[in-house]
Amino acid sequence: MKQFQYMRPSTQQAVLEAINKPGTKIIAGGTNLVDLMKRGVTAPDKLVDINHLPLKSIAATKTGLHIGALALNSTVSENSLVMQKQPLLSMALKAGASPQLRNMATVGGNMMQRTRCTYFYDITMPCNKREPGSGCGALEGYNRMHSIFGASPQCIAVHPSDMCVSLAALDAVVIVSGHKGERRIPFTEFHRLPGDHPEMDNHLAKDELITGVEIPDNNFAKNSYYLKVRDRQSYAFALVSVAAALDIDNGTIKQARLAMGGVAHKPWRLIDAEKALIGKSVSEESFKQAAEIAMQGAKAYEYNSFKLKLAPATITEALKHASGLV
Ligand code: SF4
């Protein structure tokens, strides 16, 4: 591993000044970054440890729930306010990684984690995300874990987070701080599709720091479910996951939120399927129709065509759980 400098500032201003320099990376829990450094995927000159910043709080606001960027995944998943107001987030967090990793990983770090595409981690293979212009090893390679929505000829990787799928479904907002002040980014616009620049995972500027996320109050607490399908029951990334949240009145759906993980370069919100559910009765038939709408435009590669069947089945099943049908 390349030698690097390490600093641990105690003020946000000092962090912002430090990250403005090239070759600098922020470290919090380090659960992804340290792996990337050990494998030579990334080689920063300086690490800025932000763990001394006061960004760990979880608090109700007038309009929702604020979660600091340094709140640990395990703490958030067990927090009573989160479990009461936003159980979908708690479920998604508990489906992610392992207990040991959740005890180290932070909310901000979870959002910033890189894809788990094996070609990205193997520095002997071509990868446009790791080395722009080198090609994409997965395109003609073993692409079983890869995307079925929103890919480009430059990259077909998927975003690995479970937490982010639930936050996209729940209309969360990302709060970031930079030299120009504070900025609020809708969660669904934080991560980006690969396009011609797969090396960029999101829209965070180089001199900006994530300080927290806010989830607006909603009526989904009673009818939410996070369903993750993976190769083993723990410590595995999603083949497909679905965050489903419903507001049901007398058996009729008033509002719906749906997002998928394991299928795109960003958490994949299913707006058309949500619209199709409004006014429908709670039934397997309504859920299957929504799932069919959600799959429009899906495109599989050589080894991941199973996702074309797995994804709609997972959407239907998640909605059945969320609605109480099962
Ligand atoms: Fe790299 Fe993306 Fe291709 Fe994977 S899918 S090898 S991350 S360019």
Side-chain angles (χ1 to χ4, degrees), residues 1-2 23 25-27 30-44 96-97 101 105 108-165 168 188-204 206 228-231 235-241 259-269 295 297-308 310-311 314:
M1 193 194 294
K2 185 181 120 179
K25 282 209 178 291
I26 288 174
I27 186 164
T31 56
N32 187 207
L33 180 60
V34 174
D35 281 348
L36 293 166
M37 290 169 67
K38 282 184 190 166
R39 292 174 182 228
V41 177
T42 189
L101 286 165
N110 192 319
M111 291 165 55
M112 295 300 289
Q113 64 179 305
R114 312 295 312 269
T115 183
R116 272 18 183 231
C117 171
T118 49
Y119 299 92
F120 175 68
Y121 284 78
D122 183 347
I123 59 169
T124 66
M125 297 299 292
C127 172
N128 288 324
K129 186 178 277 298
R130 176 173 26 80
E131 196 181 332
S134 63
C136 171
L139 202 55
E140 303 292 330
Y142 189 52
N143 42 39
R144 179 171 175 270
M145 298 296 289
H146 290 71
S147 69
I148 52 172
F149 289 107
S152 78
Q154 275 69 46
C155 180
I156 60 170
V158 297
H159 194 267
S161 170
D162 293 295
M163 179 196 81
C164 292
V165 180
T188 48
E189 292 167 27
F190 181 80
H191 296 98
R192 62 185 297 285
L193 292 177
D196 289 335
H197 289 285
E199 72 278 10
M200 292 158 61
D201 293 343
N202 54 59
H203 293 288
L204 191 71
K206 283 203 163 66
K228 179 176 180 178
V229 182
R230 46 189 153 172
D231 285 327
Y235 196 32
F237 293 97
L239 294 165
V240 170
S241 67
M260 266 199 285
V263 296
H265 197 258
K266 60 186 284 188
W268 195 247
R269 183 82 180 257
M295 292 306 293
K299 175 182 185 280
Y301 296 87
E302 186 172 359
Y303 294 99
N304 71 350
S305 56
F306 70 94
K307 288 191 181 184
L308 298 179
L310 180 62
T314 310

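Whatever order the structure lists them in is the order used to number ligands and atoms, beginning at 1.
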Would you say Val158 and Trp268 make side-chain contact, with heavy atoms under 4.5 Å?
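Result no, sub-4.5 Å side-chain heavy-atom pair not found.
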Does the pair Asp231/Arg144 count as a salt bridge with the N-to-O cut at 4.0 Å?
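Yes, this pair counts.
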Just say parallel, tilted or perpendicular for the rings of Tyr119 and His146, cut-offs at 30° and 60°.
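It falls in the tilted class, 30° to 60°.
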Where ligand 1 meets Gly137 - atom numbers and elements under 4.0 angstrom, heavy-atom basis
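The atoms of ligand 1 under 4.0 Å from a heavy atom of Gly137 are 6 (S).
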How about Lys2: does its NZ atom have over 12 heavy atoms from other parts shown lying under 6.0 Å from it?
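Yes, NZ of Lys2 has more than 12 neighbouring heavy atoms, counting only those of other groups under 6.0 Å.
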Might you confirm whether atom CZ of Phe306 has over 12 heavy atoms from other residues, nucleotides or ligands at distances under 6.0 Å?
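Yes, enclosed.
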Just how far is it from atom CZ of Arg192 to atom CG of Asp201, taken to the nearest 0.5 Å?
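Rounded to the nearest 0.5 Å, the CZ-CG separation comes out at 8.5 Å.
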For atom 2 (Fe) of ligand 1, count the protein N, O or S atoms found under 2.8 Å away.
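Near atom 2 (Fe) of ligand 1, the number of protein N, O or S atoms below 2.8 Å is 1.
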